[in-house]
Amino acid sequence: MENKKYIAEVIVNNSVNKLDKLFDYIIPPQFINIIKEGTRVLVPFGKGNRQFEAYVFGVNIKLDEDTSKLKEVIRPIDEEPILTINQIHMIKWMKGKYLCKYIEAIQCLIPAGVVNKEKRFIYVNREKLNNHKYEMTEIQKDIINYVEEKGKINVESLYKRFSYNEVYRVIKQLENEGIIIIENKVDSRIDIIKEKYVRLVISKDLYKEALDSIKGAKRQQELMEFLKEKVEVKISELVNSHGFGRTIINGLLSRNIVEVIEKESKRDPLLNLELKPFPKLEPNDEQRVIIEEITEAINNNRVETYLIHGVTGSGKTEIYLQLIENTLNEGKQGIVLVPEISLTPQTVERFRGRFKEGIALFHSGLSDGERYDEWRRVASGEANIVIGARSAIFAPFNNLGLIIIDEEHEHTYKSDLSPKYHVKEIAEYRSKHEQSVLVLGSATPSIESYFEGVESIVKVRELKNRARNAKPPNIEVIDMRRELECGNKSILSRRLHSEIEKNLEAKKQTILFLNRRGYSTFVSCRSCGHVVKCKQCDISLTFHMTSKELQCHYCGDKYTAPRECPECSSKNIKYFGVGTQKLEMLIQSYFPKAVISRMDLDATSKKGAHNEILESFKSGEIDIMIGTQMITKGLDFPNVTLVGIITADTMLNMPDFRAPEKVFQQVLQVSGRAGRGFDEGKVILQTYNPEHYSIMLAAKQDYISFFEKEVELRKAFNYPPFSKLINITFTGENEKETYLAISKITDNIKYILKSKGYTNELDDIVFGPNEGMIYRVKNKYRFYVLLKSNKENYTLLKAIIKYLLIDSRQKFVSDNIITSIDMNPLFIV
DNA sequence: AGCACGCCGACT
DNA sequence: GTCGGCGTGCTC
C-alpha cells in the first residue's frame with residue numbers, strides 16, 4: 001500500500017511580512033473531497049498552534065514523501081470554495097504587479113466582513129481555584145477577580161485594564177496550573193441572518209393522497225393548497241399575513257408533507273430608497289452608432305477597450321444603460337463604476353429606475369453586514385449588475401460581459417492602500433481574462449487613456465453634441481492681479497460680483513466653487529511671523545468658524561484658537577486665507593437677501609445631510625451654493641446658470657506634473673454644472689495665472705489642444721505616458737533612522753543598476769531620497785524615492801525593489817519603519 | 001505578530 | 001543556583 005498524502009498549499013490570514021508565502025498542510029482523509037483550490041480552512045499555526053484562517057491556493061498529492069513535519073488542516077470553513085481559480089490567478093497577478101502581499105490582494109476580492117478573526121476567551125476553573133496551594137500575588141488576584149466577575153471574556157478586553165506583560169505572564173502561569181482555561185474561537189464578525197421557509201415535499205402524484213389523509217385537519221389542507229401555488233413561503237409571512245399558526249405548520253411537518261429550510265436573508269441597502277422609473281430614451285445618431293458597435297463586441301466576446309469622450313450632458317449615461325441592457329440580454333453580467341457613489345446618486349437612480357432589480361451596490365458607506373450581503377447576492381447570481389466605487393471592480397461575477405468606468409479620469413479610482421491598484425488596470429485584466437468589453441467614459445479623459453487612443457490600444461469614440469442640444473457654457477477668465485491693481489482686495493472680482501447680482505434678480509441659481517474648506521486657511525503672527533502648525537504634523541492649521549477651533553486637515557486634531565501668538569505672546573495675531581466657511585459669510589454680507597448654502601466635508605458629515613442640501617437646492621429654495629470639489633460631480637440642475645470659480649489655480653503651484661491636467665479637468669467639470677437647462681450657462685473663472693495654458697485652454701473648453709500641449713511637455717520631461725513611475729515611501733517615528741534606511745535602499749538600487757550597466761543614466765532614473773511633501777504626519781516622518789523607468793528597465797527596477805523591500809526586507813529595513821510601494825503613483829506625497 | 005529559546009545580570 | 005529581562009529566529 002502506497003503512502004499517499006494530500007497536501008494543501010495555503011495562505012495564512014495574517015498580515016505579517018514574513019508570513020506572506022505558501023504553507024503546506026496535510027489534508028485529513030475525511031476532507032479530501034471538500035478542500036480544494038479556493039476553499040477557506042482553519043489551520044494550527046506557529047509554536048502555540050493558534051488557529052488561523054487560511055486560503056487554499058493549491059492541492060498536491062505526495063507519494064511516499066516525508067510529511068512528518070507537516071501539520072494537519074483542522075477543518076474547512078466553507079462548504080464551497082470562496083475563491084474561484086480565476087480569482088486565485090488574479091491574486092497572484094496582483095501580487096506580482098503591485099508587489100503587495102497575498103493577503104492584501106485577497107482582501108480586495110473578499111469583503112472584510114467575511115474574513116473571520118480568531119478570538120481567545122478565558123474563564124476561571126473554580127474547582128482548581130479553590131484547591132490551589134500557594135498564596136497568589138496581587139496582580140494574579142486582580143486578574144482572577146476581574147475574569148470571575150465577567151464570566152467568560154475575550155482576552156483582548158483584559159489589555160484595557162492590565163498591561164500586556166502582566167496579562168501575558170499571569171495567564172500563562174494560571175493556565176499551567178489549570179486555574180484558568182483558555183479557549184480559542186474563530187467567530188464570524190458577521191451574523192448571517194437566516195430565515196426559515198416552508199415548502200411542500202410531496203410529489204404531484206402523491207399530493208391528492210396526502211390531502212385526503214388529513215381530512216379532519218381543515219386548516220392544514222388549506223395550507224397545503226396555499227403552498228401548492230408557491231414554491232416556498234417564509235414562516236414569518238405565513239404566521240403574520242396568512243394566519244397559519246405554528247401548530248398547523250407543525251402538523252404538516254410531522255406528516256412529512258412539508259419541510260422547513262433555512263435561507264440567508266439579505267439586507268438590501270436600496271430598500272428604503274424610492275424607485276422612480278427611468279424610461280428608455282431614443283438614442284441620437286452619435287449614440288446609436290456607439291451602442292451598436294460596442295454591443296456587437298460584447299455579443300462576440302471580444303476583448304476590447306473603448307474610450308467615450310463626450311462633453312458633460314452628451315448622454316453618456318444613456319449609452320451605459322443600453323449597453324448594460326444588451327449585456328443582460330446576452331445572459332452576461334455588468335459592472336458600472338462611479339467615482340464616489342454618494343456624489344453620483346443620479347447615476348444610481350437611473351440604473352435602478354431602468355432595471356428595477358438585480359442591482360447590487362458596492363461602496364464605502366455600507367456596513368460590514370450590508371457589504372457582505374451585496375457580495376453574496378453577486379456571488380450567488382441573484383444580482384447581475386453591480387454599481388459601485390473602486391471596490392466594485394472585484395465583484396465575483398462568473399460571466400462578465402461589460403465593465404463601465406464612468407468619469408475615467410477621477411483620482412478616486414486609485415487605491416491609497418496596498419495594493420495601490422488603479423481600477424482601470426484591474427478592469428483591463430478582467431476584460432482580457434474574462435472576454436469582456438471595457439468602456440471608459442469622460443469629458444476630460446486622463447492624458448494616459450487618451451494617449452492609448454492615439455496609439456490605437458483603445459478605441460476612442462467622440463460624442464460632440466450635447467444630447468438636449470444645449471449650448472456649452474461660456475467661460476470668462478478674470479485676471480485677479482488686475483483686480484488688485486484697481487484696488488479691489490475682495491475675493492470677488494467686480495465682474496463676478498455683478499453677475500451674481502444679475503442672477504439673483506433673474507431668480508436663477510449660482511454655484512461658487514472654492515477648493516478649501518474651513519474659515520481661515522492659516523493663522524499667523526504679524527509681529528514675529530510665526531505660523532500656527534499642528535503639533536504632530538507639518539501642516540498649518542485651518543480655523544473653523546462653526547466650532548471656533550483650529551483644525552489639522554491631515555490628522556483631524558483640534559486646537560483652541562489662540563488670542564495671542566504662542567511664540568512671542570503678541571496680540572497681533574491674524575487669521576489669513578479664505579475657506580468655504582469664510583466665503584459663505586462674505587457672500588452673505590455682500591448679498592444679504594440671498595439664501596446661501598454650503599456643501600463641503602464639514603457641512604455633509606452628518607448622515608443624510610448631503611442629500612438634504614441637494615434636495616433644497618433642487619427645489620429652488622437656495623440661491624447660491626458654495627462648495628468644494630464635492631459639487632463638481634454629477635449635479636444636474638437646470639436652473640443653475642452661473643458658476644463662479646473663486647480661484648482656479650492654487651493647484652498649479654504644487655510640485656506635481658499632473659497639476660495642469662487636474663486644473664483643466666476641474667474647471668471643465670465645474671463649468672459643466674452651468675447651463676444644463678434651456679438658458680445658456682455662464683462661468684466666471686478667477687485666476688492669478690490667466691496666461692497658463694491649462695487655464696486658457698480650459699476656458700476655450702478645448703480638450704484636444706490641451707492634450708497635445710500636455711503630451712508635448714510630458715515627452716520633453718519624460719513623464720507618463722512616456723515613462724513609468726515607481727514611488728517608494730518610508731515612514732517612521734525616528735527621523736534619522738528613517739532617512740538612513742531610505743538612503744541605504746536608494747544606494748542599493750543605484751548600486752544594482754550600476755552593476756547592470758546603467759552608469760550614466762542613474763540621475764535620470766533615481767530621484768531622491770526626498771522629504772515627503774508633507775514631511776511629518778501624526779508624528780511620523782516621511783521620505784520618498786521616485787524611480788522613473790522606461791520599457792526596457794521597468795522589469796529590472798521591479799525586480800530590484802522586490803529583492804530589497806520584499807524578499808530580503810529584513811536585511812535592509814528594520815521593522816519599525818513602514819514601507820510603501822506605489823507602482824504607478826498619481827500623486828507623490 | 002506570537003511564541004520559545006537562550007544568554008546575561010540580580011536576587012531568595 | 002534560579003528568576004526574569006530582552007535579543008534572535010521561526011512559523012508548513
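Quantities reported herein were computed from a predicted structural model and do not represent experimental measurements. Naming convention: chains lettered A, B, ... in sequence-line order (proteins, then strands); numbering from 1 in each chain.
- Regarding D20(A), its CG atom lies at a distance of 14 Å from the C1' atom of dT11(C), rounded to whole Å.
- You'll find that the side chain of R50(A) is closest to dC3(B), out of dC3(B), dA1(B), dC12(C).
- Whole-Å rounding puts the N49(A) CG to dT11(C) P distance at 13 Å.
- Phosphate proximity of dC12(C) to K71(A): present, with a side-chain N or O under 4.0 Å from OP1 or OP2.
- If you measure from atom NZ of K69(A) to atom C1' of dC10(C), you get 13 Å, rounded to the nearest angstrom.
- Base engagement by L19(A) is indicated by at least one non-hydrogen atom pair under 4.0 Å involving a base atom.
- Rounding to whole angstrom units, CG of residue L42(A) and C1' of dC12(C) are separated by 15 Å.
- Summarising the geometry, the separation between CG on D815(A) and C1' on dG9(C) is reported as 12 Å, rounded to the nearest angstrom.
- Taken to the nearest 0.5 Å, the CG atom of L417(A) stands 11.5 Å off from the SG atom of C100(A).
- Looking at R377(A) and E374(A), a side-chain N of the basic residue comes within less than 4.0 Å of a carboxylate O on the acidic one, giving a salt bridge.
- In terms of position on DNA chain C, the residue among K47(A) and L70(A) whose nearest nucleotide sits closer to the 5' end is K47(A).
- Using a 30° and 60° split on the angle between ring planes, Y102(A) and F57(A) fall in the perpendicular class, above 60°.
- For L22(A) and dT11(C), the CG to C1' distance is 14 Å, given to the nearest whole Å.
- Between the OH atom of Y25(A) and the P atom of dT11(C) there is a distance of 11 Å, given to the nearest Å.
- Spacing between atom OH of Y102(A) and atom C1' of dC12(C) amounts to 14 Å, rounded to whole angstrom units.
- Between N816(A) and S814(A) the shortest heavy-atom distance is OD1-OG, 2.5 Å.
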